[in-house]
Number of protein chains: 2
Amino acid sequence: MSSTNSLSVDELGSAAQRDRRKRILDATIALATQGGFDAVQMRAVAEQADVALGTLYRYFPSKIHLLVSALAREFERANASIGERPVPGDTSSERVIYVLRKTTRGLQGDPHLTEALTRAFMFADASVAAEIHTVGILLTRMLTHAMHPGQTDLTDDDIAIARVIGDVWLSALVGWVTGRTSAAETAAHMEKAVHLLLRD
Amino acid sequence: MSSTNSLSVDELGSAAQRDRRKRILDATIALATQGGFDAVQMRAVAEQADVALGTLYRYFPSKIHLLVSALAREFERANASIGERPVPGDTSSERVIYVLRKTTRGLQGDPHLTEALTRAFMFADASVAAEIHTVGILLTRMLTHAMHPGQTDLTDDDIAIARVIGDVWLSALVGWVTGRTSAAETAAHMEKAVHLLLRD
DNA sequence: CATGAAACTGGAACGTGTTCCTATTATGGA
DNA sequence: TCCATAATAGGAACACGTTCCAGTTTCATG
């Protein structure tokens, strides 16, 4: 609820504050991309963002908040770029699978970053609920948009299906980032789930 | 793969080793039940199990291994007690929901323990794959058994559906233990997913 | 029983997330 | 412009997971 930690684009604060926040998130993404969750060390983030450790903690109260906020920012970017073009595919399942494949491919191209963000997401507790909720909303919107392009009034079933697909996606992602399943297995399992839920 | 960390009931080693292993897991469960993930501190586990810290690490190479092993033991116990009686219900979905409700209720009766075990499960990396896989097998078996009691030859769809339900269950559990969703929401979402997947 | 290997104990030590404190610097209103 | 307040820098300190080590005990084997 605090404005400092809000997800929507840097809304409040001075230009200097917005700049610091951006530098911190950029450093986070850079370190996560290089070495994953373990490489995102608070001292390293602070140094790379040219900020004192205490200041880092003033902007983000924990490593988890930091990573989930970074995730939310990346997610908003990805979501915006997907919304530009209409989703190709003749049926709901084709379109959903298209979106999932595209997103998953993007994530798998940056395995360390994905590992860091997924780990943080799964480890987050109630104090990160706001950020988590934002990500959940974006994900559900992305999926329902693929299911029913341009449609605004969705049934409860549509939303429930989107949430189930999101759950499967998350589980698959966790399995993949923790090295328990291959990329191919991950994709196959997700697509199977989509077909089971959307029979068209 | 090491015999010491095997999941199936204390198979190898001397009686003293089996006893130490049991004491350690008992201490883990006790501490987790009291205070959750954070309360399971390696020094505290060692002290309560009356074992040196180095010995604890000889039996379980990390806190995550320790907690996931504890989870597997609890899961085997629960699974055994469920297998005793036939599952009530006239349809697949009724039976699956019965099993989910019962299991979830059990977990929610021990919120701290559930939080500790779920957190560990979600944080586990590839080095814990064996233990994780065991839990996954047990869960899938539990669900397919509820779907088709006594049946041994299952279709690919049956297994896929069970896995999807397992994914939803896990996501719901994570949401609940991290304080993002209430018990009622958790249950409702799971049951909705079951109905979407098993339309009978 | 004697002996060498393996396991165990007790505790020091290290790394990283987190907290805290003091001195310094930016900021915004009178 | 000047002042009060907040924000930041720099860094010490603490907690807990993890590693490591020296000395002791247990245990299997000849």
Side-chain angles (χ1 to χ4, degrees), chain A residues 2-5 10 12-25 27-28 31-32 34-70 115-117 119-120 122-125 127-128, chain B residues 2-5 10 12-24 27-28 31-32 34-70 115-116 119-120 122-125 127-128:
Chain A
S2 98
S3 63
T4 311
N5 290 331
D10 321 310
L12 284 183
S14 68
Q17 283 171 338
R18 262 180 283 124
D19 192 52
R20 273 201 185 82
R21 188 183 158 84
K22 178 180 183 315
R23 286 208 311 273
I24 291 172
L25 290 177
T28 303
L31 287 166
Q34 286 179 236
F37 188 87
D38 289 341
V40 181
Q41 300 185 358
M42 301 305 270
R43 290 173 180 83
V45 172
E47 187 179 2
Q48 182 150 341
D50 201 29
V51 146
L53 189 56
T55 305
L56 172 53
Y57 273 92
R58 160 174 271 277
Y59 279 75
F60 301 94
S62 77
K63 173 170 174 173
I64 298 296
H65 280 83
L66 174 60
L67 280 165
V68 175
S69 298
E115 185 250 2
L117 300 182
R119 276 237 150 88
M122 306 287 1
F123 211 67
D125 67 1
S127 73
V128 207
Chain B
S2 97
S3 60
T4 312
N5 289 332
D10 320 309
L12 284 182
S14 67
Q17 282 170 338
R18 262 180 284 124
D19 191 52
R20 272 200 188 85
R21 188 183 158 83
K22 178 179 184 315
R23 285 209 312 273
I24 291 172
T28 303
L31 287 166
Q34 286 178 235
F37 188 86
D38 290 342
V40 180
Q41 300 183 358
M42 300 305 270
R43 291 173 179 84
V45 172
E47 187 179 1
Q48 181 150 340
D50 201 29
V51 146
L53 189 56
T55 306
L56 171 54
Y57 273 93
R58 159 173 270 277
Y59 279 77
F60 301 95
S62 78
K63 174 171 174 172
I64 298 297
H65 280 83
L66 174 60
L67 280 166
V68 175
S69 298
E115 185 249 4
R119 276 236 152 89
M122 306 282 16
F123 212 67
D125 67 1
S127 73
V128 206

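Just so it is clear, the values below take in all heavy atoms, side chains as well, and ignore hydrogens, waters and symmetry mates. Chain A is the first sequence line, chain B the second, and so forth, proteins listed ahead of strands; every chain is numbered from 1.
- Rounded to an integer number of Å, the gap from B:L67 CG to D:dT18 P is 10 Å.
- Taking every side-chain heavy atom of A:Q41 into account, C:dT16 is the closest of C:dT9, D:dA9, C:dT16.
- Distance CD1 (A:I24) to C1' (D:dT8): 11 Å, rounded to an integer number of Å.
- Put simply, the side chain of A:Q17 gets close to the backbone of A:S14: a donor and an acceptor are under 3.5 Å apart.
- Rounded to an integer number of Å, the gap from A:I64 CD1 to C:dT18 P is 8 Å.
- Across all strands, B:R43 comes closer than 4.0 Å to base atoms (heavy-atom distances).
- Side-chain proximity of A:Y59 to the nucleotides D:dT8, C:dA13, C:dT18 is greatest for D:dT8.
- In this structure, the CG atom of A:L56 is 16 Å from the P atom of C:dC20, given to the nearest Å.
- B:L31 places its CG atom 14 Å from the C1' atom of D:dC16, with the value rounded to the nearest Å.
- Between A:F123 and A:F37, the distance separating the two ring centers is not shorter than 6.0 angstrom.
- When the nucleotides D:dA9, D:dT19, C:dT9 are ranked by their closest atom to the side chain of B:L53, D:dT19 comes out on top.
- Residues A:R119 and A:E115 are paired through a salt bridge, judged by an N-O separation under 4.0 Å between the basic side chain and the carboxylate.
- Closest to the side chain of A:R58, from the set D:dT8, D:dA9, D:dA12, is D:dT8.
- Comparing B:F37 and A:A52 by the nucleotide of DNA chain D that holds the closest heavy atom to each, the one mapping nearer the 5' end is A:A52.
- Residue-level contact check: B:V40 touches the backbone only, with heavy atoms under 4.0 Å from sugar-phosphate atoms and none from bases.
- In the set D:dT18, D:dT8, C:dT18, the nucleotide with an atom closest to the side chain of A:Q17 is D:dT8.
- Between B:Y57 atom OH and C:dA6 atom P there is a gap of 24 Å when expressed in whole angstrom units.
- Within the 4.5 Å cutoff, no side-chain heavy atoms of B:R58 are placed close to those of B:V51.
- The two atoms that bring B:A116 and B:L67 nearest to each other are O-CD1, 4.1 Å, heavy atoms only.
- Of the candidates D:dA9, C:dT18, D:dT18, C:dT18 carries the atom nearest the A:S62 side chain, counting heavy atoms from C-beta on.
- Put simply, CG on B:D19 is 17 Å from P on C:dA7, counting in whole angstrom units.
- Checked against C:dA7, C:dT27, D:dG17, the side chain of A:A16 finds its nearest nucleotide in C:dT27.
- Atom pair B:R119:CZ and D:dG17:P shows a separation of 14 Å (rounding to whole Å applied).
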